[in-house]
Amino acid sequence: MSDSTKATNFIEDIIEDDLKNGLSTDVLRFRFPPEPNGYLHIGHASAICLNFGLGEKYNRPVNLRFDDTNPAKEEAKYVAAIQKDVEWLGYQWDHLCYASDYFQQLYDWAVQMIKDGKAYVDSQSSEEIASQKGTPTEPGVDSPYRNRSVEENLALFEGMKNGEYGESEHILRAKIDMKSNNMLMRDPIMYRVVNKAHHRTGTDWKIYPMYDWTHGESDYIEQITHSFCTLEFLPHRELYNWFLDQVVESDKIRPKQREFARRNVSHTVTSKRKLQKLVQAGIVTGWDDPRMTTISGLRRRGYTPDSIKNFAASIGIARRENIVDMNHLEFHLRDDLNKKADRVMCVLDPVKLVITNYPDDQVELLQAENSQEDETRGYREVPFSKELYIEREDYREEANKKFFRLKNGKEVRLKNGYIIKGEGCLKDEAGNITEIHATYDPDSKSGSGTEASMRRVKGTLHWVSAAHAVPVEVRLYDRLFTVPSPDTDKEKDFMEFVNPNSLEVITAMAEPAMKNLKIGETVQFQRMGYFCVDPDSTDDKLVFNRTVTLRDTWAKLDS
RNA sequence: UGUCCCAUGGUGUAAUGGUAACACUCCGGUUUUUGGUACCGUCAUUCAAGGUUCGAGUCCUUGUGGGACAACCA
């Protein structure tokens with residue numbers, strides 16, 4: 001699809017309109033402004049892709065700016081984690097910025113606003129201020145301190161800054177309109193006293209600016225042209241513009257805030273509070289648990305940056321509420337991994353298969369292609385012998401025509417090996433199959449070019465040689481929630497929808513070549529799915545996470 | 001009893017007054033040494049009622065439904 005024919009979204013339309021109306025492409029500048037108070041999740045990933053994607057589209061810079069105005073909640077470790085996540089997605093920011101770098105400028109502007117009669121110090125309790133604020137349907141009333149003199153305001157504000165007052169004794173408010181329909185315009189708070197050390201400015205500041213006062217001015221300082229945020233900030237736009245009005249100079253860029261609907265993914269939660277609850281309740285092992293839709297969790301699960309970017313691009317952007325089906329995400333994951341992952345053979349639920357007419361001590365090294373999608377990935381050797389493991393579900397003593405796998409009297413191909421015929425099986429007292437017997441056709445070796453090897457058989461099984469098999473731990477992950485939208489039920493807590501079977505740990509039998517895999521590497525276990533090496537792996541034991549299964553039309557047929 | 005935002009197949013998004021389309025899902029088929037991939041096909045869409053217009057998913061009005069707004073959070 002060429003750019004000229006590609007449909008634009010409303011965000012791009014806004015930019016295009018501005019360019020048409022005289023804004024120069026050279027001044028375009030965007031930003032991604034996270035608060036460093038938690039880990040980024042799939043929703044943030046979409047926002048990152050949106051802003052950095054615009055930077056790529058217009059070949060213009062994008063800043064990473066930490067909105068760090070609340071030392072009570074923010075920590076340096078989140079700053080580091082967020083940078084890692086953005087880099088992992090493959091984006092490079094132009095400037096690394098912090099709202100805290102603008103504290104002095106913000107303070108100076110606030111002083112000027114006091115002098116201009118646009119801001120005042122209020123000395124009431126939080127409760128009093130709240131009660132005067134009114135409700136969405138009733139106007140507020142003016143604070144008794146609203147008309148303090150400029151001198152008194154200046155002195156008090158200076159005192160706040162110098163730490164002469166405790167928290168909540170005084171605050172600085174903008175003087176706007178207590179009767180506004182927009183509650184955010186009812187003399188919003190600009191500064192409060194916070195007696196906590198800030199992760200960057202330490203104890204230099206006793207007062208901290210609020211979001212509304214900080215955000216637009218930060219955009220202005222960085223000369224951001226377009227400041228995109230989620231819909232919940234739509235009512236803030238009026239205030240964003242009012243604050244900008246107090247400081248903009250006509251020869252500078254005036255940033256424009258526009259809002260889009262945040263993109264939700266089914267079967268997940270993304271609020272930091274809920275994510276934290278999952279961690280604290282021990283439902284998951286941590287913020288980077290592979291079941292979490294945090295970026296760190298997705299990374300550990302084996303998601304690729306491209307799969308996330310492609311997903312974000314494909315779901316588009318709009319202004320209506322939405323819940324994107326997890327299938328979309330998994331489609332892009334499989335689509336990417338199919339191209340990138342090598343194939344290996346690993347038996348998840350092993351049962352012994354004895355090839356009764358194969359020489360007892362013989363071992364053959366068979367050639368196996370690493371990828372059917374990409375021949376340049378080459379071949380590896382896989383040992384073949386008389387005793388193998390195959391998947392328990394791949395054998396039935398008897399089955400109907402639709403069962404393409406191994407059954408008594410019928411032929412099936414062992415991937416990269418021979419064609420075998422089912423002969424019977426051994427069982428324990430309980431009737432469980434303990435050993436399957438089959439015979440092989442010595443002329444049917446894969447790649448030998450013989451007529452027998454070219455024979456068409458319907459089923460192909462993966463396998464590993466029992467004597468050469470490497471036991472590995474495999475963590476089978478499923479969706480964390482049993483319903484598409486766990487947190488929209490007003491009656492029920494989202495924790496009630498946690499999937500009790502979201503993790504199953506098994507020991508699987510891997511082909512020897514898998515011993516060389518490195519932490520983080522993803523491979524396809526042929527016929528089973530994509531799996532990546534977890535950091536919990538040691539020299540003695542590999543641990544795999546199931547990233548995602550393959551599509552399985554047989555499972556649907558069989559059920 | 002306020003102000004504001006939103007409404008297109010099951011899901012997500014296009015169509016910018018001119019043939020309602022694309023992707024995912026579902027279902028079916030072809031190919032296949034992965035019941036994978038690839039390819040082909042089927043089903044299915046403009047919240048309602050008025051109005052403007054030669055022509056409305058799009059503009060207007062009124063409803064209906066959903067959402068946001070009363071943190072010294074962002």
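Order of the sequence lines sets the chain letters (A, B, ...), proteins ahead of strands, with each chain counted from 1. Keep in mind that the numbers below use all heavy atoms, side chains included, and drop hydrogens, waters and symmetry copies.
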Suppose we screen for side chain to side chain donor-acceptor pair (under 3.5 Å). Which residues come up paired with [X], at least two apart in sequence or across chains?
X       : value
T137(A) : T135(A)
D13(A)  : T8(A)
E232(A) : T230(A)
N37(A)  : E35(A), K272(A)

*asked:* Suppose we call a contact any N or O donor and acceptor under 3.5 Å apart; does that hold for the side chain of R527(A) and the base of rG35(B)?
replied: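 In this structure, the two groups form no donor-acceptor pair.
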*Do Q372(A) and rU33(B) share a donor-acceptor pair, side chain to base, under 3.5 Å?*
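Not at all, since no donor on one side and acceptor on the other fall under 3.5 Å apart.
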*Just say parallel, tilted or perpendicular for the rings of F157(A) and Y107(A), cut-offs at 30° and 60°.*
parallel
_Heavy-atom protein contacts under 4.0 Å, nucleotides 67-74 of chain B, coded B base, S sugar-phosphate only, - none_ = S-BB-BSB
*Take nucleotides 23-32 of chain B nucleotide by nucleotide from the 5' end and write B, S or -, depending on whether a protein heavy atom sits under 4.0 Å from the base, only from the sugar-phosphate, or from neither.*
BBSSS----S
Using the benzene-type ring in the case of Trp, are the ring centres of [X] and [Y] under 6.0 Å apart?
X       : Y       : answer
Y208(A) : Y191(A) : no
H198(A) : F103(A) : yes
Y98(A)  : F66(A)  : yes

*asked:* Please list all pairs meeting salt bridge (Lys or Arg N to Asp or Glu O under 4.0 Å) that have one or both residues in residues 125-134 of chain A, counting only residues at least two apart or in different chains.
replied: none
*Sequence neighbours left out, what passes ring-ring contact (aromatic ring centres under 6.0 Å, His included) with F233(A)? Give chain and number order.*
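By the ring-ring contact (aromatic ring centres under 6.0 Å, His included) rule, F233(A) matches Y211(A), H236(A).
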*Taking ring-ring contact (aromatic ring centres under 6.0 Å, His included) as the test, write out the residues that go with F384(A), two or more places apart.*
Y358(A), Y418(A), W463(A)
*Considering only heavy atoms, which members of residues 446-454 of chain A lie under 4.0 Å from some atom of RNA chain B?*
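Output list: S446(A), G447(A).
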*Base, sugar-phosphate alone, or nothing: which one does R186(A) contact when heavy atoms must sit under 4.0 Å apart?*
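No contact at all - R186(A) keeps every heavy atom at 4.0 Å or more from the nucleic acid.
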*asked:* Please classify the nucleic acid contact of F403(A) as base, sugar-phosphate, or nothing, using heavy-atom distances under 4.0 Å.
replied: base
*Between R319(A) and rC6(B), does any side-chain N or O lie under 4.0 Å from OP1 or OP2?*
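For R319(A), the contact criterion (side-chain N or O under 4.0 Å from OP1 or OP2 of rC6(B)) is met.
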[N] to [M] separation - [atom1] atoms, rounded to the nearest Å:
N       : M       : atom1 : result
rC40(B) : rU45(B) : C1'   : 23 Å
rU46(B) : rA21(B) : C1'   : 12 Å
rG10(B) : rA74(B) : C1'   : 35 Å

*Look at K196(A) together with E74(A) and state whether they make a salt bridge at an N to O cut-off of under 4.0 Å.*
no
*With nearest nucleotides of RNA chain B determined for D335(A) and M528(A) from heavy-atom distances, which residue corresponds to the more 5′ nucleotide?*
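Checking each residue's closest nucleotide, the 5'-ward one belongs to M528(A).
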*Strand RNA chain B in bracket notation, Watson-Crick/G-U under 3.5 Å with | for pairs to another chain*: .((((((..((((....[..))))..((((.......)))).....(((((..]....))))))))))).....
*By side-chain contact (heavy atoms from CB on, under 4.5 Å), which residues pair with A119(A), not counting sequence neighbours?*
M113(A), I114(A), L172(A), M190(A)
_So D487(A) and F481(A), do their side chains get closer than 4.5 Å, heavy atoms only?_
no
